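Reviewing the structure listed below.
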Amino acid sequence: MAKEPRVWQRMLSGRRLNLLDPSPLDVELDDIAHGLARVARWNGQTVGGHIFSVAQHSLLVEAIASHTNPDMPRDWRLAVLLHDAPEYVIGDIISPFKAVIGDAYKSIEAGLLGAIHLHFGLPAQPAAALKRFIKQADRQAAFLEATHLAGFSREEALKIFGRPEPLPRTVLALLEPWPVAEAEERYSGTVTAALAG
């Protein structure tokens with residue numbers, strides 16, 4: 001008799017998050033911040049003395065989104081900050097590998113994001129306009145990370161990610177990789193502030 005595979009992840013909070021049927025009750029901000037601060041963007045193929053974490057990437061995307069739309073509603077800001085939150089459980093898989101894996105990965109990611117959104121009082125599925133807005137800010141962040149941190153030429157990044165909008169130095173300063181503890185603290189604090197409205 002074959003043993004069924006384990007499909008849950010134990011979190012440091014003590015929660016057990018089921019990957020196939022995630023519950024909003026098993027989602028904790030501390031677990032998300034802890035995990036995202038330790039997950040490297042670009043599979044760790046970046047310059048600097050520290051990884052460029054998904055937590056820091058999420059803050060960069062939020063800064064770009066806030067620059068683009070300073071009057072962004074609270075729920076949109078929270079959704080931007082959480083756009084890659086499933087990666088605290090499943091890691092940051094690079095886009096070329098996601099294309100190879102296909103729908104199974106997308107299904108797991110969507111289920112986790114839905115549970116995370118519900119935990120934080122957001123609709124499980126964001127509106128189409130919000131998805132487009134997040135994607136635009138995410139692509140700008142990817143362009144900046146690719147050219148500043150991951151060794152892409154400007155020409156190569158323009159072909160893959162498109163042309164970014166000009167951004168202030170305060171946003172560009174977020175490209176300097178932080179130590180893990182700083183990324184965790186800043187991400188957690190920013191999400192907490194967004195929740196407070």
Side-chain angles (χ1 to χ4, degrees), residues 32-33 35-70 72 76-110 112-113 116 126-184 186-187 190-191:
I32 295 171
L36 294 185
R38 286 158 175 77
V39 175
R41 289 274 294 164
W42 307 94
N43 276 345
Q45 297 299 309
T46 53
V47 299
H50 302 285
I51 63 164
F52 190 80
S53 70
V54 175
Q56 190 169 351
H57 161 78
S58 298
L59 294 172
L60 174 61
V61 174
E62 190 271 335
I64 292 168
S66 292
H67 173 74
T68 304
N69 182 0
M72 184 172 39
W76 278 40
R77 181 176 184 216
L78 196 52
V80 170
L81 287 164
L82 297 170
H83 80 279
D84 278 340
E87 294 177 8
Y88 89 103
V89 182
I90 55 177
D92 183 22
I93 296 177
I94 58 172
S95 296
F97 193 39
K98 284 181 187 177
V100 172
I101 297 170
D103 291 338
Y105 177 86
K106 290 177 186 172
S107 173
I108 299 293
E109 184 180 43
L112 287 167
L113 187 59
I116 291 164
L130 175 55
K131 282 185 179 179
R132 285 192 302 271
F133 179 70
I134 292 170
K135 189 67 175 169
Q136 181 182 18
D138 194 32
R139 288 181 69 82
Q140 286 196 59
F143 176 92
L144 293 170
E145 292 167 21
T147 53
H148 286 78
L149 300 167
F152 284 60
S153 70
R154 180 175 173 78
E155 295 73 28
E156 186 177 33
L158 285 170
K159 288 178 190 172
I160 298 170
F161 305 109
R163 184 173 300 279
E165 300 295 321
L167 294 164
R169 288 183 188 192
T170 53
V171 173
L172 298 177
L174 296 175
L175 289 165
E176 181 65 35
W178 302 328
V180 168
E182 181 177 353
E184 181 175 346
R186 288 176 75 165
Y187 179 81
T190 304
V191 173

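FYI, the numbering just counts along the sequence from 1. For clarity, every value in this text was computed on a predicted model and none was experimentally measured.
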Any side-chain heavy-atom pair of Tyr88 and Val39 under 4.5 Å
no
Answer yes or no: is there a side-chain heavy-atom contact under 4.5 Å between Asp92 and Trp42?
no
Hey, could you give me the CH2/CG distance between Trp76 and Asn69, rounded to the nearest 0.5 Å?
7.0 Å
Working to the nearest 0.5 Å, report the span between CD of Glu145 and NE2 of His57.
5.5 Å
What's the separation between atom CG in Leu60 and atom CG in Leu172, rounded to the nearest 0.5 Å?
8.5 Å
Answer yes or no: is there a side-chain heavy-atom contact under 4.5 Å between Ile93 and Glu109?
no
Mind checking the CG-CG spacing from Leu82 to Leu36? Nearest 0.5 Å is all I need.
9.0 Å
Taking all non-hydrogen atoms of both residues into account, name the closest pair between Pro164 and Leu158 and its distance.
CD-CD2, 4.3 Å
For the pair Gln140 (side chain) and Glu165 (backbone), establish whether a donor and an acceptor sit closer than 3.5 Å, ignoring hydrogens and angles.
yes
With side chains defined as the heavy atoms from C-beta onward, is the minimum distance between Val54 and Tyr187 less than 4.5 Å?
no
Ile32 side, atom CD1; Asp84 side, atom CG - distance, nearest 0.5 Å
11.5 Å
So, do Pro177 and Leu149 sit near enough that their side-chain heavy atoms are less than 4.5 Å apart?
yes
In terms of the angle between their ring planes, are Phe152 and Phe161 parallel, tilted or perpendicular, with boundaries placed at 30° and 60°?
tilted
Arg139 side chain to Ile160 backbone, donor-acceptor under 3.5 Å:
yes
Gln56 side chain to Glu176 main-chain N or O, any donor-acceptor pair under 3.5 Å?
yes
Answer whether the closest heavy-atom distance between the side chains of Met72 and Leu130 falls below 4.5 Å.
no
Value for CZ (Arg186) from CG (Leu174), rounded to nearest 0.5 Å, stands at 6.5 Å
Working for side-chain hydrogen bond (donor to acceptor under 3.5 Å, both in side chains), residues Glu62 and Ser66:
CA-CA 6 Å; Glu62 190 271 335; Ser66 292; 2.8 Å; yes
